[in-house]
Asker: 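What follows is a single structure, and I will ask about it in a moment.
It should be emphasised that the depicted structure is a prediction, and the values quoted were computed from it without experimental measurement. Sequence positions, counted from 1, serve as the residue numbers for this chain.
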Amino acid sequence: MESYRIRWTEDGEEHVSAVAYGPKSAQVHVDELRAREGVSDVEKFSVKPGE
């Protein structure tokens, strides 16, 4: 199963998720981040297990 981490910008600072998510869970987190005030450039990217 593919794993994803999420990268986003909030209040001018870049962030990367500390944990990897499965495809459905990653999309839920992406949608939640996009709905937050001051958050931009939300993207999920594929990682190999253990990364």
Asker: Please enumerate all residues that pass salt bridge (charged side-chain N to carboxylate O under 4.0 Å, His left out) together with R7, with sequence neighbours excluded.
Answerer: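 Once residues adjacent in sequence are excluded, the partners of R7 under the salt bridge (charged side-chain N to carboxylate O under 4.0 Å, His left out) criterion are E43.
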
Asker: Could you list who else is in V28's hydrophobic cluster, with ILVMFWY side chains joined at under 4.5 Å, directly or through other members?
Answerer: none

Asker: Is the closest side-chain heavy-atom distance between W8 and D41 below 4.5 Å?
Answerer: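 No, their side chains stay 4.5 Å or more apart.
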
Asker: Per the side-chain hydrogen bond (donor to acceptor under 3.5 Å, both in side chains) rule, what does the pair list look like for residues 17-30, sequence neighbours excluded?
Answerer: Q27-D31, Q27-K44

Asker: Are the side chains of V16 and I6 in contact, using a 4.5 Å heavy-atom criterion?
Answerer: no

Asker: Going by salt bridge (charged side-chain N to carboxylate O under 4.0 Å, His left out), name the residues that satisfy it together with E10, two or more places apart in sequence or in a different chain.
Answerer: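 Scan of E10 (salt bridge (charged side-chain N to carboxylate O under 4.0 Å, His left out), adjacent residues dropped) gives R36.
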
Asker: Drop me the distance from S46's OG to R5's CZ, to the nearest 0.5 angstrom.
Answerer: 12.0 Å

Asker: Will you find, in the side chains of T9 and E14, an N or O donor that is under 3.5 Å from an N or O acceptor?
Answerer: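 Judged by distance alone, the side chains do not pair up.
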
